[in-house]
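What follows is a short report on a single structure.
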Amino acid sequence: MKKIGILASYNGSGFETIQKAIQNNEFDAKVVVIITNNTNAGVLQKAQSYNIPHFIINDKRYPNENLDEKITKLLLEFECDYIFLSGYMKKIESKLLSAFPNKIINTHPAILPSIYGGVGMYGRFVHEAVIKNGEKKSGVTIHYVNEVYDEGEKILVKELELTLNETVDSLETRIKELEKEAIVEAFKKLLA
Ligand SMILES: Nc1nc2c(c(=O)[nH]1)N[C@@H](CN(C=O)c1ccc(C(=O)N[C@@H](CCC(=O)O)C(=O)O)cc1)CN2
Ligand SMILES: NCC(=O)N[C@@H]1O[C@H](COP(=O)([O-])[O-])[C@@H](O)[C@H]1O
């Protein structure tokens, strides 16, 4: 059984998608640890409800520590085979990248490569830019994580066409639904 570690900054909807897919026997894995940088992250309640060990690691809690090292050590201690970024808003740094080569996976709420990736392109900011630029389509990209935001090798891309009266809210909702399908399909591919 493969062990998955989760990094999340907010609600961890991607994590919950994985957890539900595991419970539905869609793939053979186990989420063994959840780490967030955000003391108010909704993912913490989810972790408690699924009885999964969870940790808050940020500069405020560990002001004089190397967080890259701390996160990496913890994920190694839990013997993770994969690391999934479920809406994690911090840069993955060298120690973690080196410890888990081609094992760190991110879900991005746009088609990559494109101008809708990189610094500043996260959450609603992505959808705002897509709509402002009058794009006809958007989507979800599941990719391996490398040292640069959103430039890692693609695992899976799912696309959708924007409606004529698409709003940021409606696009965010549709992308989050598409993301659930993409995450499950990507892990089925990885764990096959
Ligand atoms: N080394 C990598 N680290 C991370 C990647 C990656 O591909 N390589 N993906 C991101 C997730 N992400 C998009 O998918 C992303 C997240 C955040 C940002 C961003 O601009 N962050 C801001 C800070 C935001 C905050 O502190 O709340 C910034 O860096 O200024 C861009 C893309 C996760 N890490
Ligand atoms: N660039 C990274 C990025 O924007 N990730 C996005 O953050 C959202 C987190 O939502 P959640 O907190 O409800 O899981 C997710 O939809 C994910 O695609």
Side-chain angles (χ1 to χ4, degrees), residues 1-62 67-68 70-92 96 99-100 103-110 121-127 140-145 149-150 155-156 158 168-191:
M1 177 187 292
K2 295 299 184 187
K3 296 177 179 176
I4 300 172
I6 301 289
L7 295 178
S9 294
Y10 300 117
N11 294 314
S13 57
F15 148 67
E16 191 156 48
T17 296
I18 291 170
Q19 186 67 20
K20 288 179 175 176
I22 290 169
Q23 288 173 331
N24 293 335
N25 298 311
E26 294 194 59
F27 45 78
D28 185 22
K30 180 178 169 54
V31 177
V32 294
V33 63
I34 294 173
I35 298 170
T36 184
N37 61 300
N38 176 4
T39 49
N40 300 314
V43 74
L44 292 168
Q45 284 68 42
K46 291 187 172 76
Q48 283 172 337
S49 70
Y50 289 109
N51 199 24
I52 296 171
H54 47 281
F55 303 83
I56 298 166
I57 300 179
N58 60 33
D59 290 322
K60 194 170 180 184
R61 287 213 170 195
Y62 302 101
L67 301 185
D68 180 25
K70 192 171 190 69
I71 292 168
T72 302
K73 186 167 178 289
L74 191 58
L75 293 168
L76 289 169
E77 282 171 1
F78 277 88
E79 299 176 326
C80 295
D81 299 293
Y82 289 99
I83 313 300
F84 179 69
L85 308 187
S86 182
Y88 187 65
M89 298 298 141
K90 296 300 178 188
K91 188 67 116 13
I92 302 299
L96 186 50
F100 294 93
K103 295 292 184 185
I104 306 173
I105 292 136
N106 183 52
T107 174
H108 184 75
M121 282 294 162
Y122 56 93
R124 290 174 66 87
F125 295 118
V126 174
H127 311 310
V140 176
T141 304
I142 312 289
H143 65 92
Y144 290 109
V145 167
Y149 275 151
D150 304 329
I155 300 168
L156 183 76
K158 278 192 173 293
V168 172
D169 284 341
S170 66
L171 183 56
E172 182 177 43
T173 300
R174 294 176 68 211
I175 289 286
K176 275 189 174 290
E177 283 307 305
L178 191 64
E179 192 169 55
K180 292 175 184 174
E181 296 171 29
I183 290 168
V184 174
E185 196 173 318
F187 271 93
K188 281 181 175 176
K189 185 176 170 185
L190 289 169
L191 301 176

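Because the structure is a prediction, the values reported are computed rather than measured. Numbers here are sequence positions counted from 1.
- For the side chain to side chain contact (heavy atoms under 4.5 Å, CB included) with Ile6, the lone residue among Tyr82, Phe15, Tyr88 that qualifies is Phe15.
- Contact of the Lys20 side chain with the Lys180 side chain is not registered, since no non-hydrogen atoms from C-beta on lie closer than 4.5 Å.
- Closest of all the heavy-atom pairs between Ala29 and Ile22 is O-CG2, 3.2 Å.
- Counting heavy atoms from C-beta on, the side chains of Tyr50 and Gln23 come closer than 4.5 Å.
- Shown here for Ala21 and Val184, the closest heavy-atom pair between the two residues is CB-CG2, 4.0 Å.
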- prompt: Are Ser9 and Asn38 close enough, and set up right, to give a side chain to side chain donor-acceptor pair (under 3.5 Å), and what steps lead you there?
  reply: CA-CA 6 Å; Ser9 294; Asn38 176 4; over 6 Å; no
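- Interatomic distance, Gln19 CD to Ile34 CD1, rounded to the nearest 0.5 Å: 7.5 Å.
- Nearest heavy-atom pair across Phe187 and Ile105 is CZ-CD1, 4.4 Å.
- Considering Gln45, Gln48, Lys46 in turn, Gln48 is the only one that fulfils the side chain to side chain contact (heavy atoms under 4.5 Å, CB included) rule with His54.
- In Asn51, the CG atom is not crowded: 12 or fewer heavy atoms of neighbouring residues, nucleotides or ligands sit closer than 6.0 Å.
- In terms of heavy atoms, Gly42 sits closest to Asn11 at CA-OD1, 3.8 Å.
- With contacts defined as side-chain heavy-atom distances shorter than 4.5 Å, the pair Asp28/Leu191 does not qualify.
- Residues Ile92 and Ile83 are not in side-chain contact: their nearest non-hydrogen atoms beyond the backbone lie 4.5 Å or more apart.
- Of the possible polar contacts, one joining the Lys189 side chain to the Ile155 backbone as a donor-acceptor pair under 3.5 Å is found.
- Nearest heavy atoms, Tyr144 versus Lys103: CD2-N, 4.4 Å.
- Side chain of Thr36 to backbone of Ile56: no donor-acceptor contact under 3.5 angstrom is found.
- A donor-acceptor pair under 3.5 Å is absent between the side-chain atoms of Lys188 and the main chain of Phe27, judged by distance alone.
- Of all the heavy atoms in Asn58 and Leu67, the pair that sits closest is C-CD1, 3.6 Å.
- Going from atom OG1 of Thr107 over to atom NE2 of His143 covers 8.0 Å, rounded to the nearest 0.5 Å.
- Counting only heavy atoms from C-beta outward, the side chains of Val43 and Glu16 never approach each other to under 4.5 Å.
- A 6.0 Å sphere centred on CZ of Phe125 holds no more than 12 heavy atoms belonging to other residues, nucleotides or ligands.
- Remark: Lys73 engages Glu77 in a salt bridge, criterion side-chain N to carboxylate O under 4.0 Å.
- Under the 3.5 Å distance criterion, the side-chain polar atoms of Asn106 are left unmatched by any main-chain donor or acceptor of Asp150.
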